[in-house]
Novice: 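Dropping a structure here in structure tokens format, bear with me for questions.
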Protein chains: 2
Amino acid sequence: MLKITRKVEYALIALRHFQNQEKDKLTSAKEMSKAYGIPQELLAKILQRLARENIVDAVKGPAGGYKLAVDPKTINMTKFFEIMEGPMGIMDCYFDSGCEQLQSCNIRTPLNRINDSIRSMFDNMTLADITY
Amino acid sequence: MLKITRKVEYALIALRHFQNQEKDKLTSAKEMSKAYGIPQELLAKILQRLARENIVDAVKGPAGGYKLAVDPKTINMTKFFEIMEGPMGIMDCYFDSGCEQLQSCNIRTPLNRINDSIRSMFDNMTLADITY
DNA sequence: TTATATACGACTATATTAGTCGTAAATCAT
DNA sequence: ATGATTTACGACTAATATAGTCGTATATAA
């Protein structure tokens, strides 16, 4: 119920890590997984996604690793969550239209309002608000 | 990711139903399950919990059913969610202290802030805001 | 006494999330 | 060149959480 996933959690830990780091210092998935007690393969996949989305830069080879590619101020949290997890809504019918009960549903409108509130809260927040 | 559960969803549908209803009119789980396409046993369990919490009154026997017991204005949403689902927090360590990674965790404080924001948003909302 | 309804715990099924594994490709040092 | 190290990525398995079902008991109106 209204929980963020580990995928998001680990991504935030990683991003915050980069911030506490010299600007262009690389950190490998291995180092980081040790430092924070996160399964290495899982963290690796998460860093890979962040790299694909150009939030971090990846450098291959020995002494390779990852570093921040952008200023965290420029990435809003709604976008960030949706990069990591796909559409963010407290109920599926915010995006999906495949709900059988739509006819008889009497709570769609108020839940949409709540949804909008949560989204706008995260819209008005950037990665920097979390990683600083 | 940040989803409400069907348990909560069905509970809200039920409560809204009662509001659109004559004040003391009883509705059985069976009727309601038909009207909204919700599995009867599941809805029944949810109504039973609402009854246990004195949010609705239950009347047994033929022609029995449920009706609102309180003014929805008097129940705040945080409390309501926690009645239905237990502790509400975007991460477990908001309540639990059993996290192995606490030492190295670098995102607890900012996530707590977000959590507080969400909770206070729901604290400032009553059931009536959803069921009207 | 029968039919209907709530009460409730135990159980099963399904979906989501978390984590692992195998393999490929880039890169650096020797 | 070759081996060690690291990213890249999809397929797979494991664990957990959510959704839904079932059996049985109890109350009550007709």
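Within every chain, numbering begins at 1; the chains are lettered A, B, ... in the order of the sequence lines, protein sequences first and strands thereafter.
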Novice: Taking B/D92 first and then A/K3, would you say they form a salt bridge - that is, a charged N and a carboxylate O separated by under 4.0 Å?
Specialist: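 Yes, B/D92 and A/K3 are salt-bridged.
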Novice: Does B/K45 contact D/dT21 through a side-chain donor or acceptor facing the base, at a distance under 3.5 Å?
Specialist: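 A donor-acceptor contact between them is present.
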Novice: Round to a whole Å and report the spacing from CG of B/L42 to P of C/dT12.
Specialist: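 Interatomic distance, CG of B/L42 to P of C/dT12: 18 Å.
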Novice: On DNA chain D, does the nearest nucleotide to B/E85 precede the nearest nucleotide to B/P62 from the 5' side, or the other way round? Give the residue.
Specialist: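 Here B/E85 is the residue nearer the 5' end.
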Novice: Rounded to whole Å, please give me the gap between CE in A/M84 and P in C/dT16.
Specialist: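 In whole Å, C/dT16 P lies 18 Å from A/M84 CE.
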Novice: From CD of B/E9 over to P of D/dA19, roughly how many Å is that when rounded to an integer?
Specialist: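 In whole Å, D/dA19 P and B/E9 CD are 8 Å from each other.
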Novice: Within this structure, what is the CD-to-P distance between B/E31 and C/dT6, rounded to whole angstrom?
Specialist: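 One finds 9 Å between P of C/dT6 and CD of B/E31, rounded.
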Novice: Can you tell which of C/dT27, D/dA8, C/dA5 lies closest to the side chain of A/Y66?
Specialist: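 Selected nucleotide (nearest to the side chain): D/dA8.
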Novice: Does B/C93 offer a backbone N or O that forms a donor-acceptor pair with the side chain of B/R108 under 3.5 Å?
Specialist: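 Present.
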Novice: Quickly work out the B/D92 CG to C/dT17 C1' distance and round it to whole Å.
Specialist: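 Nearest whole value for this atom pair: 13 Å.
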Novice: Ignoring the backbone of B/K60, work out which of C/dA10, D/dA11, D/dT28 is nearest its side chain.
Specialist: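 Out of C/dA10, D/dA11, D/dT28, the nucleotide with an atom closest to B/K60's side chain is D/dT28.
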Novice: Where the side chain of A/P39 is defined as all heavy atoms beyond and including C-beta, which of C/dA5, C/dT20, C/dC28 is the nearest nucleotide?
Specialist: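 Nearest nucleotide to the side chain: C/dT20.
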Novice: How close or far is atom P of D/dA8 from atom CD of A/Q40, stated in whole angstroms?
Specialist: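 In whole Å, D/dA8 P lies 13 Å from A/Q40 CD.
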Novice: Can you check whether A/Y10 has a side-chain N or O nearer than 4.0 Å to OP1 or OP2 of C/dA18?
Specialist: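 No, no such contact exists.
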Novice: Under 3.5 Å, side chain of B/S28 to main-chain N/O of B/E31, donor-acceptor pair present?
Specialist: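 Indeed, once roles are kept as given, a pair shorter than 3.5 Å links the two residues.
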Novice: Would the base of C/dT16 count as contacting B/K3 through its side chain, where contact means a donor and an acceptor less than 3.5 Å apart?
Specialist: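 Answer no: no donor N or O sits under 3.5 Å from an acceptor.
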Novice: Give a yes or no answer on whether the side chain of A/N20 reaches the backbone of A/H17 with a donor-acceptor pair at less than 3.5 Å.
Specialist: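 Judged by distance alone, no pair lies under 3.5 Å.
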Novice: Out of C/dA5, D/dT21, D/dT7, which has the shortest distance to the side chain of B/E41?
Specialist: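 Of C/dA5, D/dT21, D/dT7, D/dT21 is nearest to the side chain of B/E41.
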Novice: Quick one: which of D/dG20, D/dT7, C/dC8 gets closest to the side chain of B/Q48?
Specialist: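 Nearest to the side chain of B/Q48 among the choices is C/dC8.
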Novice: Between B/Y66 and B/F18, is the ring centre distance below 6.0 Å?
Specialist: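 Judged by ring-centre distance (under 6.0 Å), B/Y66 and B/F18 do not meet the cut-off.
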Novice: Ion pair present between B/E82 and B/R119, side-chain N to carboxylate O less than 4.0 angstrom?
Specialist: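 Yes, B/E82 and B/R119 are salt-bridged.
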Novice: Heavy-atom nearest nucleotide on DNA chain C for A/K7 versus A/V59: which residue maps closer to 5'?
Specialist: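 Comparing both residues, the 5'-ward one is A/K7.
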Novice: In whole angstrom, what separates A/R52's CZ from D/dA8's C1'?
Specialist: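 Atom CZ in A/R52 sits about 8 Å away from atom C1' in D/dA8.
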Novice: What's the closest nucleotide to the A/A51 side chain, out of D/dA8, D/dG20, C/dG19?
Specialist: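 Selected nucleotide: D/dA8.
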Novice: Tell me which nucleotide among C/dA7, D/dG20, D/dG10 gets nearest to the side chain of B/A58.
Specialist: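 Given the options C/dA7, D/dG20, D/dG10, the side chain of B/A58 is closest to C/dA7.
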Novice: From the options D/dT7, C/dA5, D/dG20, select the nucleotide whose nearest atom is closest to the side chain of B/S28.
Specialist: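 When the side chain of B/S28 is considered, C/dA5 is the closest of D/dT7, C/dA5, D/dG20.
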Novice: What contact category does B/A44 fall into here, base, sugar-phosphate, or nothing, at under 4.0 angstrom with non-hydrogen atoms?
Specialist: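 Here B/A44 touches no strand at all.
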Novice: Look at A/R49 and D/dC9 and indicate whether a side-chain polar atom (N or O) is within less than 4.0 Å of OP1 or OP2.
Specialist: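 For A/R49, the contact criterion (side-chain N or O under 4.0 Å from OP1 or OP2 of D/dC9) is not met.
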Novice: Let me know the distance between CE of B/M91 and C1' of C/dT17, rounded to the nearest Å.
Specialist: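 About 18 Å, once rounded to whole Å.
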